[in-house]
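What's counted below: heavy atoms across the whole structure, side chains too, no hydrogens, waters or symmetry copies. These figures come from a predicted structure and were not determined experimentally.
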Amino acid sequence: MAELAISNNIRELRFFADEMTQQELAELVCVSRQTIIAIEKCKYSPTLEIAFKIAEVFGQTIDEVFQYRA
């Protein structure tokens, strides 16, 4: 399986947000913990809406949280 072109720094952002758990982030953006795990591991690309919500939780812009490489 090919690696997705979208990477992220969600794990690092969670760590610096008082070690927020994946479950806490999932509840804040209304998805399952498994979805957060898959996004963090670059196994799943989030919808634009979820990407905005995740960025908002951390007070970041989307391009500060997610990176696209062609």
Within the 4.5 Å heavy-atom criterion, are V31 and K53 side-chain neighbours or not?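 With C-beta onward as the side chain, the pair stays apart.
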Do I36 and V29 make a side-chain contact, defined as non-hydrogen atoms from C-beta onward lying under 4.5 Å apart?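 Side chain of I36 against side chain of V29, heavy atoms only: contact under 4.5 Å found.
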Which value, rounded to the nearest 0.5 Å, describes the distance between Q22 atom CD and I37 atom CD1? 4.5 Å
Report the distance from atom CG of L25 to atom CZ of R33, rounding to the nearest 0.5 Å. 12.0 Å
Check step by step if side chain to side chain contact (heavy atoms under 4.5 Å, CB included) holds for N8 and L13. CA-CA 10 Å; N8 65 77; L13 290 167; over 6 Å; no
Considering only residues two or more places apart or on different chains, which pairs with a residue in residues 13-30 satisfy salt bridge (Lys or Arg N to Asp or Glu O under 4.0 Å)?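 Qualifying pairs, neighbours excluded: R14-E40.
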K41: partners by salt bridge (charged side-chain N to carboxylate O under 4.0 Å, His left out), with sequence neighbours left out: none
Can you check whether F66's main-chain N or O pairs, donor with acceptor, with N9's side chain at less than 3.5 Å?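 Pair absent, no side-chain N/O of N9 close to backbone of F66.
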For residues 54-61, which side-chain donor-acceptor pairs fall under 3.5 Å, sequence neighbours excluded?
from : atom 1 : to  : atom 2 : distance (Å)
T61  : OG1    : D63 : OD1    : 2.5
T61  : OG1    : E64 : N      : 3.4
T61  : OG1    : E64 : OE1    : 3.2

What pair of heavy atoms forms the shortest contact from I39 to I10, and how long is it? CG2-CD1, 3.6 Å
Can you name the side-chain contact (heavy atoms from CB on, under 4.5 Å) partners of F16, sequence neighbours left out?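 side-chain contact (heavy atoms from CB on, under 4.5 Å) check on F16 returns E12.
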